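Here is the structure we will look at, set down as structure tokens.
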Number of protein chains: 2
Amino acid sequence: MTKEPPSLTPDTTVPTLADVARRAGVSTATVSRCLNSPDQVIERTRTRVMQAVKDLGYAPNFSARALAAKHTNTIGAVIPTMENAIFARGIQAFQEELGRHGYTLLVASSSYQEALEEEQIRTLAARGADGLLLIGYHRNAKLHEFLRQRSIPTLIAWAFEKESDLPAIGFSNKHAMADLARLVLEKGHRKIGMISADTGANDRARDRLAGVMLAAREAGLDVDRIPVIETTYEIESGVQAFRQIMAWTPRPTVVFCGNDVLAIGALKAAKEMGLSVPEDVSITGFDDIEIASLAEPALTTIHVPHREMGRRAAGMLIDMVTKNASPNSVELQTDIRLRRTLGPPKT
Amino acid sequence: MTKEPPSLTPDTTVPTLADVARRAGVSTATVSRCLNSPDQVIERTRTRVMQAVKDLGYAPNFSARALAAKHTNTIGAVIPTMENAIFARGIQAFQEELGRHGYTLLVASSSYQEALEEEQIRTLAARGADGLLLIGYHRNAKLHEFLRQRSIPTLIAWAFEKESDLPAIGFSNKHAMADLARLVLEKGHRKIGMISADTGANDRARDRLAGVMLAAREAGLDVDRIPVIETTYEIESGVQAFRQIMAWTPRPTVVFCGNDVLAIGALKAAKEMGLSVPEDVSITGFDDIEIASLAEPALTTIHVPHREMGRRAAGMLIDMVTKNASPNSVELQTDIRLRRTLGPPKT
DNA sequence: GGAACAAATGTAAGCGCTTACATTTTTTTA
DNA sequence: TAAAAAAATGTAAGCGCTTACATTTGTTCC
């Protein structure tokens with residue numbers, strides 16, 4: 001017990017609706033109306049109330065409002081990570097569009113862990129999110145049951161599966177990757193490898209891998225002999241994985257990467273190993289994040305309209321929440337960005 | 001009016017505390033205790049209650065809890081943008097540490113707009129944030145008054161000013177930049193330029209600029225003739241600004257950039273202009289984001305321990321919230337990362 | 001001018017939880 | 001074994017808002 005730290009105790013108390021009502025000489029109902037549907041109250045009293053609000057520095061208590069009104073004007077989103085530019089960008093657009101419609105966004109990130117994601121979803125639900133944005137399909141079935149019971153509209157983004165009837169906005173990771181792989185194989189590559197994220201709990205990663213395998217099978221390759229390394233979405237992981245995969249026999253002439261972050265790592269490793277890209281080995285990514293075109297050599301990758309996806313997701317979700325209707329899923333188009341890291345194999 | 005969309009109406013109703021209590025044959029108080037301080041209730045009834053919770057799929061209503069308990073175990077943070085890796089990274093660490101202590105993070109981003117930031121702060125306060133993390137010092141004074149009235153402990157991050165008595169964790173943007181500038185000037189540069197973010201509402205940007213000017217003055221340069229271009233923190237802005245600044249007479253032999261994003265843009269522009277770096281012009285950044293070392297040539301910049309800052313910020317804020325005490329501000333050390341974009345001026 | 005209606009405001013009942021205080025049950029102590 | 005103390009549980013009063021319904025005030029129209 002030495003010297004006390006300075007106390008942070010308040011000078012004043014926090015004003016409530018009732019305080020405002022008292023000061024303005026009206027009932028709490030009127031104050032509430034002034035705040036929520038101003039046109040229901042006559043101008044004269046409205047200005048008086050607003051003045052009281054201002055004088056007191058009143059700000060409505062969100063929890064109390066949520067409890068009474070049973071909605072929050074809040075949308076929740078659970079993303080795998082904030083550290084990948086694609087989510088950061090998509091979510092930013094999502095938030096901007098939500099804001100335009102008077103909704104607030106609550107973001108949580110799950111670090112690609114299924115259990116954590118589930119917990120975050122429950123937290124967001126408990127916090128009264130009116131709707132939810134989730135990434136991909138892979139998820140415990142009873143979670144969707146939980147959300148249905150609470151009638152929380154949920155939209156899936158960054159993925160699209162024709163067969164599913166869950167509302168979604170995204171693209172087919174499999175088709176996109178297969179298209180790219182076909183193009184690569186047409187260039188004559190026969191020894192291929194893939195660096196993927198963990199496919200266990202990540203359907204996007206799984207689909208991208210499946211896309212490569214699909215194209216490989218079409219091209220008559222023995223898919224069982226294709227080296228696949230699963231790792232985390234970090235540059236350094238890409239470095240390690242690339243080293244490993246290049247030690248394979250036969251050595252790949254092209255390495256597909258599950259996303260651009262991994263591809264950047266692979267590129268870095270190639271340089272360190274003294275390999276020239278694409279002469280010695282071609283490298284491809286996925287996402288088309290900003291560094292992709294800045295890399296040296298620039299990265300061949302698949303462009304995904306992240307911003308558009310975020311923006312439109314917001315619109316869809318607001319519709320679901322307000323109209324209580326299930327929208328048509330939308331499939332977005334991706335396209336291949338052919339850049340310098342892809343070339344024909346050495347002969 | 002064509003076909004109705006499928007309705008999303010719930011099959012069931014959402015269980016409440018009272019439902020659980022009824023099913024377990026106890027009072028609501030006991031259920032509440034089971035959830036919040038389990039050791040206050042005897043094992044036998046606790047298991048019974050927990051079973052009821054499980055059977056019903058009960059999840060506590062956050063708003064109701066917040067309203068009754070007057071705290072939320074929630075920390076709010078307002079950052080300028082999610083799209084800059086430094087905040088994404090720092091905030092991720094912040095969140096992880098908060099999570100470890102049972103706190104939830106609410107993030108909002110202000111797009112570097114003062115008015116928006118203020119609004120976000122009020123929103124977070126209304127949502128019952130127990131504490132707040134804010135970036136930098138620049139802020140309407142009455143906002144701090146507002147937070148004090150509501151006794152919401154607030155920590156400032158990414159900046160540190162000795163003179164201020166607001167709790168903060170960060171570093172001196174001015175000193176860090178001045179150190180770098182001194183080093184640059186020692187190499188013989190006399191024609192310098194700076195690409196900065198808008199200094200109007202951004203004290204970090206202002207301090208970084210001040211750092212360059214300080215060192216320049218020490219070196220006897222005429223600071224009024226140093227070209228400074230203010231722009232937004234985007235790669236493309238860096239490109240434009242670099243072109244502009246290189247048209248200055250006399251043409252700079254070194255361009256200081258307010259952060260790495262701008263520097264990457266400058267580097268790109270230099271390449272496009274056929275200038276070689278650092279032979280024709282040196283370029284420096286600030287932050288040491290991941291691409292800085294990946295760029296070609298690698299970027300000389302100032303390394304900031306973003307992760308550490310985020311982690312420690314969480315600890316400090318939790319202390320402030322729980323112990324209701326004002327902590328000592330902490331100044332973190334930055335250090336210069338000398339890489340290839342910096343060289344002596346051409347003679 | 002007053003009936004008929006519309007607009008503005010007030011009254012008060014919750015929303016689902018926590019917690020101070022009261023009561024009951026169990027354990028300890030002499 | 002009974003009184004005292006401690007532990008477990010129950011009772012009920014809010015927390016700060018919204019909103020259905022009731023009441024008052026204002027407007028319209030013949």
Side-chain angles (χ1 to χ4, degrees), chain A residues 13-50 52-53 56-74 122-123 125-130 149-151, chain B residues 13-50 52-53 56-74 122-123 125-130 149-151:
Chain A
T13 181
V14 182
T16 72
L17 234 216
D19 296 328
V20 176
R22 204 169 308 122
R23 181 177 241 266
V26 297
S27 73
T28 61
T30 299
V31 178
S32 178
R33 286 190 196 102
C34 279
L35 267 25
N36 300 310
S37 37
D39 37 286
Q40 269 186 49
V41 18
I42 209 168
E43 166 129 22
R44 215 176 68 82
T45 69
R46 201 192 321 150
T47 55
R48 195 149 38 95
V49 169
M50 287 322 204
V53 165
L56 260 33
Y58 168 77
N61 177 316
F62 176 86
S63 296
R65 168 181 291 188
L67 186 56
K70 301 175 170 290
H71 68 257
T72 54
N73 273 201
T74 294
R122 290 183 190 274
T123 302
R127 277 175 177 272
D130 293 338
Q149 184 192 182
R150 289 182 152 56
S151 44
Chain B
T13 183
V14 182
T16 72
L17 233 218
D19 296 328
V20 176
R22 205 169 307 121
R23 182 176 240 267
V26 297
S27 73
T28 60
T30 299
V31 178
S32 178
R33 287 192 196 101
C34 279
L35 267 24
N36 300 311
S37 38
D39 37 285
Q40 269 188 50
V41 20
I42 209 168
E43 166 129 22
R44 215 176 68 82
T45 68
R46 200 192 324 149
T47 54
R48 196 149 37 94
V49 169
M50 286 322 204
V53 166
L56 260 34
Y58 169 78
N61 177 316
F62 176 85
S63 296
R65 170 179 291 186
L67 187 56
K70 301 174 171 289
H71 68 258
T72 55
N73 274 201
T74 293
R122 290 183 191 274
T123 301
R127 278 176 177 274
D130 294 338
Q149 184 192 179
R150 289 183 152 54
S151 44

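Chain naming here is simple, since letters A, B, ... match the order of the sequence lines and numbering starts at 1 in each. None of these values were measured; they are calculated from a predicted model.
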Which whole-number value in Å describes the distance from [X] [atom1] to [N] [atom2]?
{"X": "Asn73(A)", "N": "dT18(D)", "atom1": "CG", "atom2": "P", "result": "12 Å"}
{"X": "Arg127(B)", "N": "dC17(D)", "atom1": "CZ", "atom2": "C1'", "result": "15 Å"}
{"X": "Arg48(A)", "N": "dA8(C)", "atom1": "CZ", "atom2": "P", "result": "14 Å"}
{"X": "Glu43(A)", "N": "dG26(D)", "atom1": "CD", "atom2": "P", "result": "16 Å"}
{"X": "Leu67(A)", "N": "dT19(D)", "atom1": "CG", "atom2": "P", "result": "12 Å"}
{"X": "Arg65(A)", "N": "dC17(C)", "atom1": "CZ", "atom2": "P", "result": "21 Å"}
{"X": "Gln40(B)", "N": "dA8(D)", "atom1": "CD", "atom2": "C1'", "result": "9 Å"}
{"X": "Arg44(A)", "N": "dT25(D)", "atom1": "CZ", "atom2": "C1'", "result": "12 Å"}

Does [X] put a side-chain nitrogen or oxygen below 4.0 Å from OP1 or OP2 of [N]?
{"X": "Asn36(B)", "N": "dT18(C)", "value": "yes"}
{"X": "Ser27(A)", "N": "dG10(C)", "value": "yes"}
{"X": "Thr30(A)", "N": "dG10(C)", "value": "yes"}
{"X": "Lys70(A)", "N": "dG16(C)", "value": "yes"}

Under 4.0 Å, counting only non-hydrogen atoms across every strand here, what does [X] touch: a base, just sugar-phosphate, or nothing?
{"X": "Tyr58(B)", "result": "sugar-phosphate"}
{"X": "Ser32(B)", "result": "base"}
{"X": "Ala69(A)", "result": "sugar-phosphate"}
{"X": "Ile42(B)", "result": "sugar-phosphate"}
{"X": "Ser63(A)", "result": "nothing"}

Kindly indicate whether the side chain of [X], heavy atoms from C-beta on, has any atom under 4.5 Å from the side chain of [Y].
{"X": "Leu17(A)", "Y": "Tyr58(A)", "result": "yes"}
{"X": "Arg22(A)", "Y": "Asp19(A)", "result": "yes"}
{"X": "Arg33(B)", "Y": "Thr28(B)", "result": "no"}

Listed nucleotide nearest any side-chain atom of [X], set [options]:
{"X": "Ala68(A)", "options": "dG10(C), dT9(D), dC17(D)", "answer": "dC17(D)"}
{"X": "Leu17(B)", "options": "dC17(D), dT18(C), dT9(D)", "answer": "dT18(C)"}
{"X": "Arg33(B)", "options": "dA20(C), dC15(D), dT9(C)", "answer": "dA20(C)"}
{"X": "Asn61(A)", "options": "dG16(C), dC17(D), dT9(D)", "answer": "dC17(D)"}

Subject >> Option passing side chain to side chain donor-acceptor pair (under 3.5 Å) with Arg127(A) (candidates Asn61(B), Thr72(B), Thr74(B)) >> reply: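 Going through the options one by one, the only one that passes is Thr74(B).
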
**OP:** With DNA chain D as reference, determine whether Val41(B) or Thr28(A) sits nearer its 5' end, using the nearest nucleotide of each.
**Re:**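 Result of the comparison: Val41(B).
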
**OP:** Taking all heavy atoms of Leu67(A) and all of Leu67(B), pick out the closest pair and write down the distance.
**Re:**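 That closest heavy-atom pairing would be CD2-CD2, 3.5 Å.
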
**OP:** Quick one: do Met50(B) and Thr45(B) satisfy side chain to side chain contact (heavy atoms under 4.5 Å, CB included)? Show the steps, please.
**Re:** CA-CA 8 Å; Met50(B) 286 322 204; Thr45(B) 68; over 6 Å; no

